[in-house]
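See below for the structure under consideration.
Note: hydrogens, waters and symmetry copies are ignored here, and every other heavy atom, side chains too, is used. Proteins get letters first, then strands, A, B, ... in listed order; numbering begins at 1 in each.
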Amino acid sequence: MPSRVAAASRRTRAGAPLPAKFYDRDTEQAARDLLGAVLRCTTSDGVASGRIVETEAYLGEHDLACHAAAGHTARTRWLYGEPGTAYVYFIYGVHWCFNAVTRAVGLPSAVLVRALEPLEGVDLMRERRGVAHDRDLANGPGKLCEALGITGALNGLPLRRSPIEILRGPPVPDSRVLVTARIGITKSADWPLRWLLKDSPYVSKTPRHLRPV
DNA sequence: TAAAGGATTTTCT
DNA sequence: GAAAATCCTTTAC
């Protein structure tokens, strides 16, 4: 493609919702490529969004760290749905966590979004979060849901043309990406690989036993 | 800076 | 009944 056309294409495509096809493929690769994309949520209070700087992949029924290891249940039914839809669950009686469902219908897997760099609606996020520093608005999976107003009501919604969307961002070079693994954190399972943007002040607080691979 | 404990509900054993 | 894809505050060094 001639460079002028490529540039024009980037201009028109930047900010467009990621297509369903983006999610209908290997979950770890989708998790990598979600870095730099924009997660946006619209509620009656307004719009809030952020650039994705940290993700984690949950691969399927064979992955003991994945909720789908328990099989098809009332909770996990969303994981078995269309690629490019929302899976939101409640944890520790306190927090919501947001995932993007990946791979074909019937193959239960998803990417957990773990941290955002705030973009739109920063005042709204401050109001919702009540923290002293903006770097703490969305630097964790529970925090970003509170900041954006994400709840279980969004389960199963497509991530385009809906209150919850993921928009294409500028490509992130591999040199800016750090991959980590942490080993044997539960009795049953190794933790999944995690991707994060090197040197971003907006990544989550990383435990010591997380190590680069 | 790190470690420990509580919050509080859903889910599965 | 126990554990959980977490977060925040308190306490200790």
Problem - Mutual orientation of the aromatic rings belonging to A:His67 and A:Tyr87 [parallel < 30°, tilted 30-60°, perpendicular > 60°] - result: perpendicular
Problem - Pair A:Arg103, A:Ser109: side-chain N/O donor-acceptor within cut-off below 3.5 Å - result: yes
Exercise for the section: Ignoring backbone atoms, establish whether A:Lys143 has a side-chain N or O less than 4.0 Å from OP1 or OP2 of C:dC8. Expected result: yes
Fill in the blank from the handout: In 5'-to-3' order, the base (B), backbone-only (S) or no-contact (-) status of each nucleotide in nucleotides 7-13 of chain B, using a 4.0 angstrom heavy-atom cut-off, is BBB-SS-
Completion exercise
Taking Watson-Crick and G-U wobble contacts under 3.5 angstrom, with | marking pairs to another strand and [ ] crossing pairs, the secondary structure of DNA chain B is written |||||||.||||.
Exercise for the section: Would you please say whether a donor-acceptor pair under 3.5 Å links the side chains of A:Glu28 and A:Tyr58? Expected result: no
Exercise for the section: Nearest whole angstrom, please: distance from the C1' of C:dA5 to the CD of A:Glu54. Expected result: 12 Å
Practice task
Measure from CG on A:Asn99 to P on C:dT6 and round the result to the nearest Å.
Solution key: 11 Å
Exercise for the section: Grab the CG-C1' distance between A:Leu79 and C:dA5 for me, whole Å please. Expected result: 11 Å
Practice task
Rounded to the nearest angstrom, tell me the gap between atom OH in A:Tyr58 and atom P in C:dA4.
Solution key: 12 Å
Exercise for the section: Compare side-chain N and O positions of A:Arg114 against OP1 and OP2 of C:dT6 and report whether any pair is under 4.0 Å apart. Expected result: yes
Problem - Where A:Ala37 and A:Leu18 come nearest, the two heavy atoms and their spacing - result: CB-CD1, 4.3 Å
Practice task
Nearest whole angstrom, please: distance from the C1' of C:dC8 to the CG of A:Asn139.
Solution key: 12 Å
Practice task
For the residue pair A:Val111 and A:Thr27, establish whether any side-chain heavy-atom pair is separated by less than 4.5 Å.
Solution key: yes
Exercise for the section: Can you tell me the distance, in whole Å, between the CZ atom of A:Arg129 and the C1' atom of C:dC7? Expected result: 8 Å
Exercise for the section: Taking the six-membered ring of A:Tyr23 (Phe, Tyr or Trp), confirm whether the NZ or CZ of A:Arg25 is under 6.0 Å from its centre and within 45° of its axis. Expected result: no
Enumerate donor-acceptor pairs with a distance under 3.5 Å from any side-chain N or O in residues 147-157 of chain A to protein atoms, sequence neighbours excluded.
residue	atom	partner	partner atom	Å
A:Thr151	OG1	A:Ala153	N	3.2
A:Asn155	OD1	A:Val88	N	2.7
A:Asn155	ND2	A:Val88	O	2.8

Handout entry: Rounded distance (Å) that lies between atom C1' of C:dA4 and atom CG of A:Asp63
Key = 15 Å
Handout entry: A:Thr55 side chain to A:Ala31 backbone, donor-acceptor under 3.5 Å
Key = yes
Practice task
Might you work through the side-chain hydrogen bond (donor to acceptor under 3.5 Å, both in side chains) test for A:Arg128 and A:Thr43, ending with a clear yes or no?
Solution key: CA-CA 12 Å; A:Arg128 285 166 168 163; A:Thr43 73; 3.0 Å; yes
